[in-house]
Amino acid sequence: MEVVICSSPTEVAQRATAKVARICQEVGPNVVLGVATGSSPLALYEGLAARVADGSLDLSQASAFALDEYVGLPKGHPESYATVVNRTVTEPLGMDPARVNTPDGASSDIDGAAKAYEEAIVAAGGVDVQILGIGSNGHIGFNEPGSSLASRTRIKTLTPTTREDNARFFDSLDQVPTHCLTQGLGTIMAARNVVLVAQGEGKADAIAALVEGPVTAMCPGSVLQLHQHATIFVDEAAAAKLTLADYYRFTYDNKPAWQRDLSGL
Ligand code: F6R
């Protein structure tokens, strides 16, 4: 796991954009992205969109799989993740909507929709780079504390904390769905690369638990300690509770040039 401590949220986005763009270029036109919703990756998506706009990145043949979707929101609801991904990823990144996927949270067969989503990811050749945020309770995707570290796409019940965190996107807490379909931790771990971004003091406990705590279902993000290619981009506020913060800074500042070239960082 590589931890990159950035001076500001802007730098988090710049460095994460460089990393994701490098992977896209290495993989080629058919790269498969895993995309999180929420606030954390928005500036990263804007960074990628800027590269698409200036012609240095082409995602017109790429595919994407969203991490999760609310259960029970009607198709086309402005806060359904299908709509959000279309607005924040598909359109600005110039992607083909036919190749951008979200779990079908409106299905009458939720178990079947979960299975179909896993199969679609496999059929696309797996995810090359999974972009993640982290919940204040340590969730990734909507894998809430207590999630199996080997879980695959399935229905989950959102915790009160997550519903409160997400109430800002709805008119009231009552409108936030109680259930979701989410890629499992095992699904996320199968991605070939993981790029997680976190900003602000509200994420400091979760980041410390993810990076330096025990690998435990109580902090689902901690499973990333077992991933071979996970990069965690944090600003100073989100890094505030990392015991080894100075070591991560030293490591990054003293990275051998060849390694910096290879990783795009
Ligand atoms: C969203 C998702 C969640 C968010 C997390 C952080 O698809 O999977 O894990 O990444 O809840 O949300 P923000 O970025 O809004 O703080």
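We count ligands from 1, going down the list as the structure has it; atoms in each ligand are counted the same way.
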Practice problem: Could you tell me whether Glu79 and Arg168 have a side-chain N and a carboxylate O separated by less than 4.0 Å? | Solution: no

Quiz prompt | N/O separation below 3.5 Å, Tyr81 to ligand 1 | solution = no

Quiz item: So does Arg154 pair up with Asp111, basic N to acidic O under 4.0 Å?
Solution: no

Quiz prompt | Aromatic ring proximity Phe170/Tyr70, centre distance under 6.0 Å | solution = yes

Quiz item: Hey, is Ile134 touching ligand 1 through its side chain, its backbone, both or neither, going by heavy atoms under 4.0 Å?
Solution: backbone

Self-check item: Ser39: numbered ligand 1 atoms lying under 4.0 Å from its heavy atoms
Solution: 13 (P), 14 (O), 15 (O)

Quiz item: Which atoms of ligand 1 sit under 4.0 Å from any heavy atom of Lys203?
Solution: 6 (C), 13 (P), 16 (O)

Practice problem: Check ligand 1 against Leu67 and write out every atom of the ligand that is under 4.0 Å from a heavy-atom position of the residue. | Solution: 8 (O)

Quiz item: Using 4.0 Å as the upper bound for N to carboxylate O, is an ion pair formed by Glu119 and Lys115?
Solution: yes

Quiz item: Shared ILVMFWY cluster between Val35 and Leu185, side chains joined below 4.5 angstrom?
Solution: no

Quiz item: What residue and atom, counting heavy atoms only, is the protein's closest point to atom 5 (C) of ligand 1, and at what distance?
Solution: His139 NE2, 3.4 Å

Exercise. Considering only non-hydrogen protein atoms, determine which one is nearest to atom 1 (C) of ligand 1 and report residue, atom name and distance to 0.1 Å.
Key: Thr37 OG1, 3.1 Å

Quiz item: For residues Thr83 and His77, is any side-chain donor paired with an opposing acceptor at under 3.5 Å?
Solution: no

Quiz item: Do Glu118 and Thr187 get their side chains close enough for a donor-acceptor pair, meaning under 3.5 Å?
Solution: yes

Self-check item: Interfacing atoms of ligand 1 (cut-off 4.0 Å, heavy-atom, Asp68)
Solution: 1 (C), 2 (C), 7 (O), 8 (O)

Self-check item: Nearest protein heavy atom with distance in Å, relative to atom 14 (O) of ligand 1
Solution: Ser40 OG, 2.5 Å

Self-check item: Minimum non-hydrogen distance to atom 3 (C) of ligand 1, winning option of Ala36, Gly141, Ser136
Solution: Gly141

Quiz item: Should you measure from each heavy atom of Gly38, which atoms of ligand 1 turn up under 4.0 Å away?
Solution: 14 (O), 15 (O)

Quiz prompt | Ligand-residue contact atoms, ligand 1 with Gly133, heavy atoms, under 4.0 Å | solution = 10 (O)

Quiz prompt | Under 3.5 Å side-chain donor-acceptor pair for Glu236 and Ser7 | solution = no

Quiz item: Quick one: does Arg168 get within less than 4.0 Å of ligand 1, heavy atoms only?
Solution: yes

Exercise. State whether a side-chain donor-acceptor pair under 3.5 Å links Asp109 with Ser107.
Key: no

